[in-house]
Every structure is written in structure tokens, then in C-alpha cells.
Amino acid sequence: ALGATAIGPLCAYVGNLRDDPPPDFLVLPPGDFDLEPGQSKIIRYGPLPMLLLRTPPPEEILKIFLATCTHFDCIVGYKPEENIILCECHEGRFDLQGKVLSGPPPAPLPQLKQRKLDDERLVIALEEKNLDKALEQNT
Ligand code: FES
């Protein structure tokens, strides 16, 4: 029931989806997070969209953010040409730590915690304590 699915366009308003509580954690199969350096995708975290991206070389780190802009909840996207996260609604720009670089967003993008569940799966959560809960329930 918590499966991740790809969702739509980057410049979209998600509004009151934020009113529904997200799950404590989400277990991702490899196909959901196997990204090449510089690639990104948007999947669901319960009612919320998440942005997964793998940073370009040499770091090649998987980063996962809530994809709702902190200004007015538009969906943000990774812009590889500039190596930033962009909200097209009002040109809000974030770095790959989620910090605001420019534009109207008043706060950073929340970054999800992540941990390998086993050799194949990844568990993600907004709070560190829920990663522990996921490990208890899935091992
Ligand atoms: Fe993202 Fe305004 S909603 S900059």
C-alpha cells in the first residue's frame, strides 16, 4: 500500500496534500533509487512527492528531499545543467543540501533520512527514529 509510484509534471501545486500525514517510513526497492549520477526522479512518500537525485561525479550521493516547495507547495525538480533544485512556480532555487539559494522560498527543503535495509532495499523517513522502527519491522 505504501509503494512508490512515479508522478507528474514539475510545476504543479499540491496544496492540501500536506494535510494528510505521511507514513513513518517507506521501504524502496532498488528500481526506485538506482539513479545514474546527475539523474533524478519524483516518487510518492504517502501523500507527498519526493525528489530523489544522485549528485554528479565525483560525489555521486543519493539525496532525497520532500519535493514540495517551502514557498507555496509547488513541486520542485532537479536542474542538472545548474546542479540545483528549482521551483519553476516563482524561480525558487535550492542547493543540493536543500538550502535556499535565491527566490521567495522562506525555508530549506526537508531532506529525508535514509539507511540501507539490506543488500537491495533502502528505507527512508523524515525522522531518524523511524528508520530504527523500519529496521525492527523488516529484519
Ligand atoms: Fe516555489 Fe513559489 S512555490 S518559489
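All ligand and atom numbering here is 1-based and tracks the order in the structure. Small disclaimer: the values here were computed from a predicted structure and weren't measured.
- Residues passing the side-chain hydrogen bond (donor to acceptor under 3.5 Å, both in side chains) test with R54, sequence neighbours excluded: none.
- The number of protein N, O or S atoms lying under 2.8 Å from atom 1 (Fe) of ligand 1 is 2.
- The SG atoms of C74 and C89 lie less than 2.5 Å from each other.
- Atoms CZ and CG, from R121 and L26 in turn, are 11.5 Å apart once rounded to the nearest 0.5 Å.
- Identified under the ring pair (Phe, Tyr, Trp, His ring centres under 6.0 Å) test for residues 88-125, with sequence neighbours left out: H71-H90.
- More than 12 heavy atoms of other residues, nucleotides or ligands shown are found within 6.0 angstrom of CD on E82.
- Applying the ring pair (Phe, Tyr, Trp, His ring centres under 6.0 Å) test to every pair with at least one member in residues 35-62, sequence neighbours left out, gives no pairs at all.
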